[in-house]
Each structure stands twice: as C-alpha cells, then as structure tokens.
Amino acid sequence: MSAKIIDGKLISTEIRDELKQEVENLKKEGITPGLGVILVGEDPASKSYVTAKERACDSLGIYSDNRHIPNETSEEELLSIIDAMNNDPKIDGILVQLPLPKHIDPDKVIMRISPEKDVDGFHPQSIGKMIMGKDTFLPCTPHGVVKLLNYAGIQIEGSHVVVVGRSNIVGKPVANLLLDKSKNGNATVTVCHSRTKNIKDMTLQADILIAAIGKAQFITADMVKDGAVIIDVGVNRVEDSTKKKGFRLVGDVDFEPVKEKASAITPVPGGVGPMTITMLMYNTVQSAKQRKEKK
Ligand code: NAP
C-alpha cells in the first residue's frame, strides 16, 4: 500500500491564512508585526532561505527589516546590528541566518538576541523553557514537525518515535517536544546519531521515524517498519544535469521505496521545509501579540 503524503505546503497555507487574519487584526490595533532578517555573506542556500522568509513576511503583511551584509563583517558589527534590532520597537523577532562565517561565534550571536525577540527559539533561555515545558518560542523546524503530525491526524501519545540526528536545531528539540508531558507529546523517544550501533534495529522499531541527518536517501525501505509514519527533515542537493540549476533536492529518506512501506510520509521538497518558515511567521505574530499586551 502506498503511503498518504503529508503535504507540508497545503498545511502551511492553512496556517498562513490564519496568520494573515491575525496580522490584519493586529494592524487594526496599531501593531504591525516586524521581523529583522540578517544574512551575512553570499552562501547560496542561505540566500534562498532568507529570500523565502522575506517573501513569507510580504505575503502575510509582516514588516521585514532585511540586512544582507558582507562576509567580512566583523562580529562586533553584527552584534551592534542585533543590539539596534533588540531596541527597535518595530521589530518583534530577529533572525540571523546560520551558518555564519568562521570568524563569527554563532553562540555569541544567538545569546545577544533578546529572548523576547528570539523567534528562532535558539536562545538558551528559550531552550531551557522548552525543556521545562514552559511557554516560549519553540524552534521552528521541530515545531513544524509537531504541527505536521497534528494536521495529519497522527497519534503521538504512546507512539515510539525514533529520531535520527541529535543537532541542537532539529534532532534534540524535536525529541524533547515529542517526549514532553503535554498534549503534543507523551511519546517514547529514541534518539540515534553517528555513533549509534545497529541503527537499523532502532529505526525498525519506530511508529514515527524522523530523519534529520543531512545525508541523501540514508533511510532505506529495509530500515522502516510496515505502516510507520516517516518525517523527512533532510534537505540535500544532488547533482542532476536535467535541471536548470544542475541539482535537485532530496531528503534523508529514499522516498519512492519507503513510500510503499509507510502509512504516511512527508516529501522533499514540500514537507517540513514550508512548515519551518511558517512557524517562524507564527512566532513573529506571537511576539507582536505580546507587544500588544504590554502596550
Ligand atoms: P547536523 O547538525 O549536521 O546534524 C546531523 C545529525 O545527523 C548529527 O546528530 C549526526 O550525528 C547525525 N548523523 C550524521 N551521519 C549519521 C549517520 N551515518 N548515522 C546516524 N546519524 C548520523 O544537521 P541538522 O542541522 O540537524 O540538519 C539535518 C538535515 O535537516 C540537513 O539535511 C538539513 O539541511 C536539514 N534541515 C532542514 C530544515 C527544514 O526546514 N526542512 C531545517 C533544518 C535542517 P553526530 O551528532 O554523531 O554527528
């Protein structure tokens, strides 16, 4: 049986329609949500992510202050832009596109962003609150994964979730959210990484398998239990001379054969990717609502 495709684009559109309405309501009360977007350097993938984020702001009526600054920008200069955005009442959220050039310490940068404007959810304060199950900005990709599961009607509570990948931005937080004692959690979670022995023994136990590895088509059909739900976070460029750009995007999952075994699966592109940007917009709107409450 072929799996149901979990359409991240469609789910994203539904959430964005609701956000658009919320932005209109906020504007009527004199608040325009604002996002500061900082891109350092010319990395093509980063540029395309930033462009997509700026477009999303435009389409929802969110004000965006876009700073595309050269690769040789000093750490001090970048920190001073963040300070200015922290103090700018028009800005509700600040996004610094990662990765940063080698001479800039990403931890210093993340920690400089005011937790009140940390719409990426990367600040240690946001992460600490998330782990404690307190209200905070949730990191966008893990939050997007949870939303996808909710919209697709997948039972999380009591399921065995296996996450492959333990990064601070995807693997660890998604594992934590699904483990949390909350309405979107209560799963039993196993986290695998590059030192995990017999990874296939682990993945075969998954009711919900989340791949966040960064290796094209790593998860093959023999690693997947019949009827499992597959969430593919990976975005990998593989050479493809038939494409104008010379490459195409594939996930961490070998989509076609895995689709025949799974009960539901996210495609790449069009699965988790659109949700990440949508949850960034969601956090920005939440932050603007908090500004309104403080007025
Ligand atoms: P990352 O920081 O490079 O982490 C990759 C993780 O995969 C690490 O924990 C690593 O283990 C693990 N891993 C690598 N090789 C492995 C192997 N052979 N077996 C088992 N585990 C292995 O990557 P990331 O930032 O989490 O991103 C993961 C993927 O998601 C990338 O393709 C990225 O582009 C994509 N992504 C997509 C979105 C989106 O919006 N769709 C957002 C963020 C990231 P160790 O810890 O042991 O090294």
Side-chain angles (χ1 to χ4, degrees), residues 5-9 11-12 15-16 37 39 43-56 95-100 106-107 110 119-122 127 137-149 161-178 189-206 209-220 222-224 230-238 247-255 265-283:
I5 305 296
I6 305 176
D7 186 342
K9 259 190 176 164
I11 297 168
S12 247
I15 299 173
R16 287 189 198 193
V37 180
L39 169 66
D43 176 63
S46 293
K47 267 181 156 173
S48 75
Y49 291 139
V50 159
T51 305
K53 288 166 188 175
E54 291 165 357
R55 279 202 196 122
L95 171 124
V96 181
Q97 186 64 45
L98 301 177
L100 289 164
D107 290 344
I110 288 167
V119 287
D120 247 342
F122 292 165
I127 294 168
F137 295 119
L138 297 176
C140 301
T141 304
H143 194 190
V145 169
V146 174
K147 287 273 179 200
L148 279 178
L149 292 170
V161 175
V162 177
V163 181
V164 189
R166 59 171 166 183
S167 72
N168 288 337
I169 61 166
V170 190
K172 279 194 235 171
V174 82
N176 183 81
L177 287 176
L178 296 169
V189 181
T190 301
V191 182
C192 304
H193 46 80
S194 67
R195 314 287 169 91
T196 300
K197 287 184 183 152
N198 306 325
I199 204 158
K200 185 176 158 186
D201 292 348
M202 304 291 169
T203 58
L204 276 171
Q205 293 176 41
L209 178 60
I210 301 178
I213 310 158
K215 291 207 154 78
Q217 297 163 324
F218 181 91
I219 303 288
T220 47
D222 60 322
M223 297 170 80
V224 172
I230 312 292
I231 305 291
D232 191 353
V233 181
V235 180
N236 308 287
R237 287 181 176 197
V238 294
F247 67 86
R248 70 192 150 88
L249 296 180
V250 299
D252 288 345
V253 174
D254 193 8
F255 184 80
I265 188 167
T266 60
V268 177
V272 175
M275 294 299 287
T276 296
I277 298 178
T278 298
M279 299 329 289
L280 176 72
M281 300 297 116
Y282 174 90
N283 281 347

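Whatever order the structure lists them in is the order used to number ligands and atoms, beginning at 1.
- Between V272 and V145 the shortest side-chain heavy-atom distance falls below 4.5 Å.
- Numbered from 1 in the order shown, with element, the atoms of ligand 1 that lie under 4.0 Å from a heavy atom of A212 read 5 (C), 6 (C), 7 (O), 28 (C).
- In terms of protein heavy-atom proximity, atom 42 (C) of ligand 1 is closest to T141 OG1, 3.2 Å.
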inquiry  = Is there a side-chain contact (heavy atoms from CB on, under 4.5 Å) between I169 and F122? Walk through the geometry before answering.
reply    = CA-CA 7 Å; I169 61 166; F122 292 165; 3.4 Å; yes
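- With a 4.0 Å heavy-atom cut-off, ligand 1 is reached by the backbone of I213 and by its side chain too.
- For the pair I231/I6, a side-chain contact is recorded, criterion being any heavy-atom separation below 4.5 Å from C-beta on.
- Note on ligand 1: G171 sits outside its first shell, no heavy atom being nearer than 4.0 Å.
- Within the 4.5 Å cutoff, no side-chain heavy atoms of C140 are placed close to those of I277.
- Atoms CZ and CD1, on F218 and I199 in that order, are 4.5 Å from each other to the nearest 0.5 Å.
- With hydrogens left out, the protein atom closest to atom 36 (N) of ligand 1 is V233 O, 3.7 Å, a heavy atom.
- Residue-ligand proximity: V235 is placed with a non-hydrogen atom under 4.0 Å from ligand 1.
- To the nearest 0.5 Å, the span separating OG1 on T278 from CG on N283 amounts to 11.0 Å.
- At least one side-chain heavy atom of R237 sits less than 4.5 Å from a side-chain heavy atom of L249.
- Atom 11 (O) of ligand 1 has S194 N, 3.3 Å as its closest protein atom, hydrogens excluded (heavy atom only).
- Distances between N or O atoms of D252 and those of ligand 1 include no value under 3.5 Å.
- Heavy-atom contacts of G214 reach the following atoms of ligand 1: 28 (C), 29 (C), 31 (C), 32 (O) (cutoff under 4.0 Å).
- Every atom of ligand 1 with a heavy atom of G165 under 4.0 Å away is listed here by number and element: 6 (C), 7 (O), 9 (O).
- Within the model, atoms CD of Q97 and OG of S48 stand 8.5 Å from one another, a figure rounded to the nearest 0.5 Å.
- Counting only heavy atoms from C-beta outward, the side chains of I230 and I219 never approach each other to under 4.5 Å.
- For the side chain to side chain contact (heavy atoms under 4.5 Å, CB included) with Q217, the lone residue among V268, D252, V250, D232 that qualifies is V250.
- Atom 19 (N) of ligand 1 has as its closest protein heavy atom F218 CZ, 3.5 Å.
- Relative to atom 21 (N) of ligand 1, the option among K172, M279, H193 with the closest non-hydrogen atom is H193.
- Atom 8 (C) of ligand 1 has its closest protein heavy atom at R166 N, 3.9 Å.
- Looking only at side-chain heavy atoms (C-beta outward), V235 and Y49 come within less than 4.5 Å of each other.
- Within ligand 1, the atoms closer than 4.0 Å to a non-hydrogen atom of G234 are 29 (C), 30 (O), 32 (O), 35 (C), numbered from 1 in the order shown.
- At the shortest separation from atom 1 (P) of ligand 1 among protein heavy atoms lies S167 CB, 4.1 Å.
- Between V233 and I210, some side-chain heavy-atom pair lies under the 4.5 Å cut-off.
- For ligand 1, the polar-atom distance check finds no N/O of Y49 at less than 3.5 Å from any of the ligand's N/O atoms.
- For the pair T276 and ligand 1, the shortest N or O to N or O distance falls below 3.5 Å.
- With rounding to the nearest 0.5 Å, the separation of CD1 in I5 from CZ in F255 is 3.5 Å.
- Within the structure, ligand 1 lacks C192 among the residues with a heavy atom less than 4.0 angstrom away.
- Remark: ligand 1 atoms within the under-4.0 Å shell around heavy atoms of V170 are 26 (O), 43 (C), 44 (C).
- In M275, neither the side chain nor the backbone holds a heavy atom less than 4.0 Å from any atom of ligand 1.
- Atoms of ligand 1 lying under 4.0 Å from at least one heavy atom of K215, given by number and element, are 14 (C), 15 (N).
- Of the heavy atoms in I199, only side-chain atoms (C-beta onward) come closer than 4.0 Å to ligand 1.
- Using a 4.5 Å heavy-atom threshold, the side chains of I11 and M275 count as touching.
- Atoms of ligand 1 found under 4.0 Å from any heavy atom of I169 (numbered from 1 in listed order, with element): 25 (O).
- Near G273, the atoms of ligand 1 lying under 4.0 angstrom from a non-hydrogen atom of the residue are 40 (O), 41 (N).
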